[in-house]
**Q** 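Can you read through this structure? Questions will come right after.
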There are 2 protein chains.
Amino acid sequence: MSIADDPATDAPGYKWVGSRPIRPDGFDKVTGRAKFGADHYLPGMLEGHTVRSPHAHARIVSIDTSAAERVPGVKAVVTGADFPAVEGDAMARNVPHNSIARDKVLYEGHLVAAVAATSREAAKAGAEAVVVEYEVLPHVLTAAEATAEGAPLLHDDMITNGIDPAPEQPSNIYQRNILARGDLDKGFADADVVVEREFITKPVHQGYIEPQACVADTTPDGHTTLWVSSQGHFAMRDFSAQVLGWDITRVKAIAAEIGGGFGGKTVTYLEPIAIKLSAKAGRPVKMVMTRAEVLKATGPTSGSRMRVKMGARGDGKFTAAEIVLEFEAGGYPGSPVMPAAMTCLAPYDLENFSVEGFDIVVNKPRSAAYRAPGGPISSFAVESVVDMVAEELGMDPIDLRLTNAAVEGTQAPYGPKLPRIGMVETLEAVRDHPHYSAQLGPNQGRGVATGFWFNAGMNSSVVVHVNPDGTATVVTGSPDIGGSRASMALFAAEELGIDMELIRPVVADTETVGFNDVTGGSRVTHATGAAVVEACRLIVADLRARAAKTWDVDIDEVEWVDGQAQKTDGSEAPLSLKDIAGKWDRSGGPISAAFTHNARGAGPAFSTQVCDVEVDPDTGVVTVVRYTTAQDAGRAIHPSYVEGQFQGGVVQGIGWALNEEYVYGDDGRLQNASFLDYRIPVTSDMPMIDTILVEVPNPAHPYGVRGVGEVGIVPPLAAVANAVYQATGKRFTELPINPIRILEATMGE
Amino acid sequence: MSIADDPATDAPGYKWVGSRPIRPDGFDKVTGRAKFGADHYLPGMLEGHTVRSPHAHARIVSIDTSAAERVPGVKAVVTGADFPAVEGDAMARNVPHNSIARDKVLYEGHLVAAVAATSREAAKAGAEAVVVEYEVLPHVLTAAEATAEGAPLLHDDMITNGIDPAPEQPSNIYQRNILARGDLDKGFADADVVVEREFITKPVHQGYIEPQACVADTTPDGHTTLWVSSQGHFAMRDFSAQVLGWDITRVKAIAAEIGGGFGGKTVTYLEPIAIKLSAKAGRPVKMVMTRAEVLKATGPTSGSRMRVKMGARGDGKFTAAEIVLEFEAGGYPGSPVMPAAMTCLAPYDLENFSVEGFDIVVNKPRSAAYRAPGGPISSFAVESVVDMVAEELGMDPIDLRLTNAAVEGTQAPYGPKLPRIGMVETLEAVRDHPHYSAQLGPNQGRGVATGFWFNAGMNSSVVVHVNPDGTATVVTGSPDIGGSRASMALFAAEELGIDMELIRPVVADTETVGFNDVTGGSRVTHATGAAVVEACRLIVADLRARAAKTWDVDIDEVEWVDGQAQKTDGSEAPLSLKDIAGKWDRSGGPISAAFTHNARGAGPAFSTQVCDVEVDPDTGVVTVVRYTTAQDAGRAIHPSYVEGQFQGGVVQGIGWALNEEYVYGDDGRLQNASFLDYRIPVTSDMPMIDTILVEVPNPAHPYGVRGVGEVGIVPPLAAVANAVYQATGKRFTELPINPIRILEATMGE
């Protein structure tokens, strides 16, 4: 279905919400004026360069910076010794020690020292002059290696959490989690069909276009201003303060524009280092990662080993699911195994299940969030098995999913009863779409998969100001990634009843607006949007009160209609927002309202997707020839950007399914640390991703909004694998399904 | 009395208010890191240069910019034709036409065009290549010339307001105002003594050290960011938008630090010009005035001609006062004659009076506010006459003032009954001070004068955030001139009960914080301070509510003492601000509070001052040998900065009394447009100005604060003149009392 044909986007009753204006930041972005992380310049600014471990696992015996300090132009050198010691376990060391290593390096690329100098060349020369003596240790790269008997330990004080009684010996497993309900034995006994498989996925990177970059300017009295490209400048402030051991008020973070993040720009890497270099040098310091640094030293998502066993009755009803997830966290704990466990069965109403998750450290970069963290991985496994169950039962895979679909009131595997959701609607939308019944060509196959994501609420603080000329300013602290300036302005236009062009949406720094969590978790349109709506409603109440005062009547006799105060009995000429704003000084002063939203229970989203592939039998190349995604947006505030999110998630999922992976040598070093060798999809690889905008309003939001940024990446891995199975007759349980694997599987025939 | 001896500064009962910590911006300022108006640099930034009228009064026949545009490096040229036409009268033209002339130039230095180029030299060459053809017109420089029969008119459509019936012919008088009460004839008939004199004052400049400077960066879609040194970046935004004809939301103004303003940096000069140049050039533009431009083209305060007649009974009671004030507004109307009229009699309880004021345009730079605008001028006249009345009656001048002093309940000449005030207290403080009875030496004299100032309230918007580590951020939109970051932090420390060092005071830009009026009118400590206090009280209420929730009790059972929540019955361990802040995410989200203050009735301040001068009979040089000022601060939040304000006002007043003046040639051109020739006092000219801190709490403020920035400059002109009279026996009614005037008056003897 083409976008324009979808009646749901008409958003009846709204004037602005549901329309598709150009984004307020669009002009700056297309003309190249928008300032991204590396675009900030200050007089006297130094350039930073990093010293990183060449080893996957080693003890740092000594660091000698004296030669580096003598390199002409070098103004400051920092090592781990410049940062405060960390109390606590491996999780407590996570951010500080990942920012800069102390006694050990845990992966190739782990930061060991950094240099600031008057030019990039001098900084590089300085970095090369830092002498680090290592005692190289044996390394482990996968969950299997890390959990093998006698495996070398990354953290010799790490005792597995979540096991009772606690193990006496340290291991590489940080945590075991389990979600379980019902009676597995009974469930499998009731099954007519049981399918069990093991799955393997590799670390993949978010692949954002803009590398990490920041500028720090630290004053002699120990305050710093940080210009940073990130998903959350409050997070950059707080993590930097943590690593530095500073009061939060000593760090002011300003949000640069951001060239993609997808979860990967929610933690600090260079920021505390740049701040400390600036403090030592007494000058501003810019640090920008190379692509190799991005791939080696920022967080990809976890690689995994998974086992899924599911049983179903002859009528399709699932009777049991038993799942084990082993996730590679990288050098420090914190893989997304928990959300992976919570989400993979959430599309279904299931009585008997067990999902056991393990968070395992390995000598690879510490994993970071990546779009619906963990969801695509575990759903790849579950949705592949669901596809196999359908085949065994001879059922249509959508019918099988409809038979088991979660609905309002279903108890989710992670605990609560689900509120109103759109799972069934997305399944039906795909089933009824022409794509689903279209003829396939030779060597083609069709796959279906579905996915769930919680969506996050979290905290948003906003302020709305009405200016004396009848314009308004909407201040948030959420970096604009997916067009949120436009969405916030649309909400405000709708609520205030003025043209969107009169509204200026602003992303403020960490000092001026209240706390805001990261732009992530698909939370901004939902939570920051709700805060904007509520702040505007406070403004409207204020405007009504001023009109009431003008007319000397009770506020209840004044209503706000189409951007103007009207007396309910019509006995006064209406007063527009501009009329009231123009006289603010005589009616009580400036017109501003703040709202802080602590959003809980954001409202889950579902997506069902259908994928057609064609597999070249000679080369093993898989081409996606048609792709349709149906996703529940709750309410699309700016449908173009919603559709863009649908499409973006699918494209990243296709890349993950077919091409992307971290390739390591036996030496524990990454072999494909560039976009030439780590191949993300490009436009010519992709068909148009058709979107079906499903709108099942979210009861937890004043406009019914559900987050749309994440769930779209959950189904594609399985959808592609299921399509390849249909095209080739081969079931691929290890990603990526690249030509080598295709040919290995098919050449024997 | 030395500062440290004053018990009033102890501020009993407060922990932070009344203490003297180092200002939070101090480190940056003493290390040269603070960014003033000219200190901002952007990549690709151009430099601007101005083209100004060499004539005091002329019609612009034509402007040819074509040669200028061909000068290498020139990227943009603007003239009045680039700005929208102005509807309305001379007052409506005030800001737009003073920013850049249209059909006429009205004073030497009036801006005619501006050029932006890649270097300062290229911009200057471009400016020199602009060809302006003028038709020179006859000019008027003083109130007397401007109101003479047949005087040339500056605005040929200007009909005097405030006269009934309205005159039929245009004139150079924009407005006549009158304040009157009682029966003048009866009053003078009751008098035993009547004194009448005419007085003359010259325009004097605020003499701020930092010339006007700004950087504008305008985007192709017509939004601009303006870095500007000013007393109010909101005013810079709003005036710039007005001159440009833009929506306010198109201008974002960021407050640079400010090197003095004293009222002179409350209106735009270069800002809309820089914005327009940046728009045309597509690059950022910096504009910085030279000192000559500052003196010729920014606003000094008005010159004046005044007549004062006062009568008193033998016992000292004033019976009547009749005053006429003619103030020179400069090229556009808007002199401070109205506040001058309202203030000059306000120290006294007077039944019969008339104060008539005239706002007169002349071919000199448009006047701007200068510290207690108009007050020093009219008080110079009135306080000189009061001194003469005392002499005629043989009364001590302080006793005479005590006899007539305004007290709580006195009806002020400008209308309302006065609230609690400290007029009597300042008089008594001087009377009882050792200075007042100290022996004078040869050629020395002692003068006394008193002064009143309203103080302004106006609008302030603030936000206070509590951070998760127990620190707090206080966000205002008031540029910090006199140490307001420190004062705001002191208020917040007192209210929240945490150390001042944990509080970060921030001056936010115009997009992020609500509207704030200028830092002027002595209003910031009062009004912005009250807003901070109220916002902190909202924070404390929130903290108490969170503690109550934690303890599952009613909020009434929780009180806030010494920075912690205490259960009134003592049954729970107290929770500190840090305890509560650390768990904000579980108790309702971010902790922020906004407060918008529309302060009315700010509470007047009085100052009484005593001055000893020594007059060198040979050179005519007047040296101030001792000076003591008693001023009512209501409550001194940071006593050192309060005393600094007391002293600064006195020093500027002494300069005005003895040295400063605009000297014009017959050609209407300013002859002393540099700090070499326009001589402001330097440190070696001054004795230590002793301060007596009077604290009569202001009922309109939660801590009793009165503004302290302005009233200190009201008495010195008369105090010096009265002292010179006692030293020389000569009454000087024209300022400045420079060696020439002294010698002219005394040489004949």
Side-chain angles (χ1 to χ4, degrees), chain A residues 24 26-28 31 33 39 41-43 217 219-223 237-238 241-242 246-250 252 458-461 463 465 467-473 475 501-504 506 508-517 584-594 596-599, chain B residues 24 26-28 31 33 39 41-43 217 219-223 237-238 241-242 246-250 252 458-461 463 465 467-473 475 501-504 506 508-517 584-594 596-599:
Chain A
F27 210 106
D28 272 3
T31 58
R33 289 185 60 101
D39 293 336
Y41 292 84
L42 291 173
D217 187 14
T219 59
D221 64 343
H223 289 84
R237 176 193 71 172
D238 293 352
Q242 181 199 341
W246 285 11
D247 282 350
I248 285 173
T249 46
R250 291 173 62 185
K252 170 185 180 177
M458 304 167 79
N459 301 288
S460 289
S461 301
V463 193
H465 308 298
N467 302 308
D469 62 352
T471 60
T473 309
V475 183
E501 288 71 28
L502 297 177
I503 293 165
R504 180 75 169 163
V506 170
D509 64 59
T510 56
E511 284 190 339
T512 50
V513 72
F515 183 84
N516 281 266
D517 277 301
W584 62 268
D585 192 29
R586 275 167 283 169
S587 61
I591 304 170
S592 293
T596 285
H597 190 37
N598 184 225
Chain B
F27 210 106
D28 272 3
T31 57
R33 290 185 59 101
D39 294 335
Y41 292 85
L42 291 173
D217 187 15
T219 58
D221 63 344
H223 289 83
R237 175 194 71 173
D238 292 352
Q242 181 199 342
W246 285 11
D247 282 350
I248 285 174
T249 45
R250 290 173 61 185
K252 171 185 180 177
M458 304 167 78
N459 301 287
S460 289
S461 301
V463 192
H465 308 297
N467 302 308
D469 62 353
T471 60
T473 310
V475 183
E501 288 70 28
L502 297 177
I503 293 164
R504 179 76 171 165
V506 170
D509 65 59
T510 56
E511 283 190 339
T512 50
V513 72
F515 183 85
N516 281 267
D517 276 302
W584 62 269
D585 192 29
R586 275 167 281 170
S587 63
I591 303 171
S592 294
T596 286
H597 191 36
N598 184 225

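Numbers restart at 1 for each chain; the letters A, B, ... are given by sequence-line order, proteins then strands.
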**Q** What residue, out of Gly588(B), Ala241(B), Ala472(B), Ala593(B), has the most heavy-atom pairs lying under 4.5 Å from chain A?
**A**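 Of the options given, most contacts go to Gly588(B).
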
**Q** Quick one: of Thr510(B), Asp517(B), Thr471(B), Ile591(B), who has the most non-hydrogen atom pairs under 4.5 Å with chain A?
**A**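 The answer is Thr471(B).
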
**Q** Contact part of Asn516(A) toward chain B, heavy-atom cut-off under 4.5 Å: side chain, backbone, both or neither?
**A**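 Neither part.
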
**Q** Which atom names give the shortest non-hydrogen contact between Trp246(B) and Asp469(A), and what distance separates them?
**A**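 So the two residues come closest at O-OD2, 4.4 Å.
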
**Q** Give the minimum heavy-atom separation between Asn459(B) and Pro590(A), together with the two atoms involved.
**A**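 Shortest heavy-atom separation between Asn459(B) and Pro590(A) comes out as OD1-CD, 3.3 Å.
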
**Q** Between Ile248(A), Val475(A), Thr596(A), which residue shows the highest count of heavy-atom pairs closer than 4.5 Å to chain B?
**A**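 Looking at each of Ile248(A), Val475(A), Thr596(A) in turn, Ile248(A) comes out on top.
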
**Q** Are any of the side-chain heavy atoms of Thr473(B) and Thr249(A) separated by less than 4.5 Å?
**A**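 Yes, side chains in contact.
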
**Q** Atom NE2 in His223(A), atom CZ in Arg504(B): separation rounded to 0.5 Å?
**A**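 Answer rounded to 0.5 Å: 4.0 Å.
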
**Q** Look at Val463(A), Asp221(A), Asp217(A), Asp509(A) and state which one has the largest set of heavy-atom pairs under 4.5 Å with chain B.
**A**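 Greatest number of close heavy-atom pairs with chain B: Asp221(A).
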
**Q** Tell me, for Pro43(B) versus chain A, whether the close heavy atoms (under 4.5 Å) come from the side chain, the backbone, both or neither.
**A**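 Just its side chain gets close to chain A.
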
**Q** Of the backbone (N, CA, C, O) and the side chain (C-beta and beyond), which part of Leu502(B) lies under 4.5 Å from a heavy atom of chain A, both, or neither?
**A**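 When you check distances to chain A, atoms from both the backbone and side chain of Leu502(B) fall under 4.5 Å.
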
**Q** What part of Asp39(B) lies closer than 4.5 angstrom to a heavy atom of chain A: side chain, backbone, both or neither?
**A**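 The answer is neither part of Asp39(B).
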
**Q** Mind checking whether Phe515(B) and Ser592(A) have side chains closer than 4.5 Å, heavy atoms only?
**A**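 A side-chain contact under 4.5 Å is absent here.
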
**Q** If you count heavy-atom pairs within less than 4.5 Å of chain B, which of Thr31(A), Asp585(A), Asp28(A) leads?
**A**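 Ranked by contacts with chain B, first place is Asp585(A).
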
**Q** Under 3.5 Å, side chain of His465(A) to main-chain N/O of Thr512(B), donor-acceptor pair present?
**A**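 Side chain of His465(A) to backbone of Thr512(B), a donor-acceptor pair under 3.5 Å: yes, one is there.
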
**Q** Measure Ala508(A) against the heavy atoms of chain B and call it side chain, backbone, both or neither at under 4.5 Å.
**A**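 Both parts, backbone and side chain.
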
**Q** Could you check if a side-chain atom of Asn467(A) sits within less than 4.5 angstrom of a side-chain atom of Arg237(B), using non-hydrogen atoms only?
**A**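 With C-beta onward as the side chain, the pair touches.
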
